[in-house]
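Everything on this sheet refers to the single structure shown next.
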Amino acid sequence: MVFGLGRKSKKEQAAEPDESPASAGSEDSAGNSSADTGPRVNGPFDVSEVASRDGYVDLGALLIAPSEGLQLRLEVEEATQRVVAVTMDLNGSSLQLQAFAAPKTEGLWEEIREQIGQSVGSQGGQVEEVQGAFGTELVAKLPAGAPDGSQGYRVARFIGVDGPRWFLRGVLGGEAAMEREAAAPLEALFRRIVVIRGDSPMPPRDLLQLRLPKDASVNPPPGGPEVKEPERGPEVTQIG
């Protein structure tokens with residue numbers, strides 16, 4: 001597993017509204033509901049639902065299960081130097097992750113889907129709601145220039161899970177955004193994510209704090225993650 005760091009300024013983040021999350025909660029096929037009265041059947045999980053944190057990559061608010069060939073890139077906000085997102089790269093596809101505080105009694109995903117649709121529409125793109133492994137998802141198509149100068153589009157697939165006082169949003173890119181078969185390995189890793197909300201009071205939609213793993217180093221121990229030099233990463237957005 002390889003780690004890399006990317007940097008994003010506040011200005012760059014503000015220019016990327018197409019990747020912001022939303023609200024309310026309906027039950028989904030993964031066994032999640034907005035009220036979260038019971039444990040999730042297939043994940044992602046709350047830290048209270050796992051017996052041990054051993055074997056995970058500890059990123060603060062998120063615990064990630066290692067996987068052969070997986071690369072993790074932590075996105076850093078230039079102005080504050082805080083980690084605002086983590087991106088999983090696997091087999092030519094990507095899954096960007098952000099976790100947020102949420103109200104006790106309702107989820108965020110339904111409202112956030114609305115916001116994403118409005119944002120994509122304002123950029124000349126289109127969104128389609130589809131049913132997937134995690135319930136209602138959004139597939140967004142945004143205008144983008146092709147290498148030959150022609151006008152094409154890029155596709156992003158948004159998935160969201162409402163947990164107990166948290167909301168986890170994922171954005172699939174590359175082949176995984178368009179092909180279910182290509183998305184399967186990243187979906188499996190998404191299911192194994194553990195969210196650590198913490199007990200401190202937080203306003204809904206505030207980012208849960210991410211950080212570099214404590215054992216990460218430029219010269220990692222055998223089997224440990226490799227930390228690459230900081231590099232500019234993919235788009236990152238927060239919930240307003």
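The basis for the numbers below is simple: all heavy atoms, side chains too, and nothing from hydrogens, waters or symmetry mates.
- Summarising the geometry of Leu70 relative to Leu90, their closest heavy-atom pair is N-CD1, 3.8 Å, with the distance given to 0.1 Å.
- Salt-bridge check for Arg205 with Glu111: passed, with a basic side-chain N closer than 4.0 Å to an acidic carboxylate O.
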Below 3.5 Å, can you tabulate the donor-acceptor pairs from side chains in residues 138-147 to any protein atom, sequence neighbours excluded?
none

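- Gln96 and Thr87 get closest at one heavy-atom pair: CG-OG1, 3.6 Å.
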Take Arg82 and Glu75 through the salt bridge (Lys or Arg N to Asp or Glu O under 4.0 Å) test and state the conclusion after the steps.
-> CA-CA 8 Å; Arg82 67 171 179 161; Glu75 305 304 325; over 6 Å; no
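- Remark: Leu59 CG to Leu208 CG distance equals 12.5 Å, nearest 0.5 Å.
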Please table the atom pairs, donor to acceptor, closer than 3.5 Å between any side-chain atom in residues 124-133 and protein atoms at least two apart or in another chain.
unit_1 : atom_1 : unit_2 : atom_2 : d
Glu129 : OE2    : Arg113 : NE     : 3.2
Gln131 : NE2    : Thr136 : OG1    : 2.9

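- Look at Arg53 and Asp58 and you find no salt bridge, because none of the NZ, NE, NH1 or NH2 atoms lies under 4.0 Å from a carboxylate O.
- The side-chain contact (heavy atoms from CB on, under 4.5 Å) search around Ser48 returns Asp46, not counting sequence neighbours.
- For Leu189 against Ser67, the heavy-atom pair with the smallest separation is CD2-CB, 3.8 Å.
- One hydrophobic cluster, built from ILVMFWY side chains closer than 4.5 Å, cannot hold both Met88 and Met178; they sit in different ones.
- Under the 4.5 Å side-chain heavy-atom criterion for ILVMFWY residues, no single connected hydrophobic cluster contains both Tyr153 and Val120.
- Considering all non-hydrogen atoms of both residues, Ala176 and Ala183 come closest at O-CB, 3.4 Å.
- By the 4.5 Å heavy-atom criterion applied to side chains, Val57 and Leu63 are not counted as neighbours.
- More than 12 heavy atoms of other shown residues, nucleotides or ligands fall within 6.0 angstrom of atom CD in Gln151.
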Would you please test Leu186 and Ser93 for side-chain contact (heavy atoms from CB on, under 4.5 Å) and show each step?
CA-CA 8 Å; Leu186 285 170; Ser93 294; 3.8 Å; yes
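- Pairing each heavy atom of Arg197 with each of Ala101, the nearest pair is NE-CB, 4.0 Å.
- The minimum heavy-atom distance linking Gly160 with Phe167 is given by the pair CA-CE1, 3.8 Å.
- Residue pairs that meet the ring pair (Phe, Tyr, Trp, His ring centres under 6.0 Å) test with at least one member in residues 176-214, sequence neighbours left out, are Phe134-Phe190.
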side-chain contact (heavy atoms from CB on, under 4.5 Å) between Phe100 and Asp206, worked out
CA-CA 5 Å; Phe100 301 85; Asp206 269 15; over 6 Å; no
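- A donor-acceptor distance shorter than 3.5 angstrom exists from the side chain of Gln81 to the backbone of Glu78, with no hydrogens or angles considered.
- Trp166 contributes atom CH2, which lies 11.5 Å from atom CD1 of Ile196 (distance to the nearest 0.5 angstrom).
- Residues forming a side-chain contact (heavy atoms from CB on, under 4.5 Å) with Leu62 (at least two apart in sequence, or on another chain): Ile64, Val86, Leu97, Ala99, Leu168, Ile193, Val195, Leu210.
- Remark: Arg180 engages Glu137, Glu187 in a salt bridge (Lys or Arg N to Asp or Glu O under 4.0 Å) (not counting sequence neighbours).
- Counting heavy-atom neighbours within 6.0 Å of Asp148 CG, excluding the residue itself, gives a total above 12.
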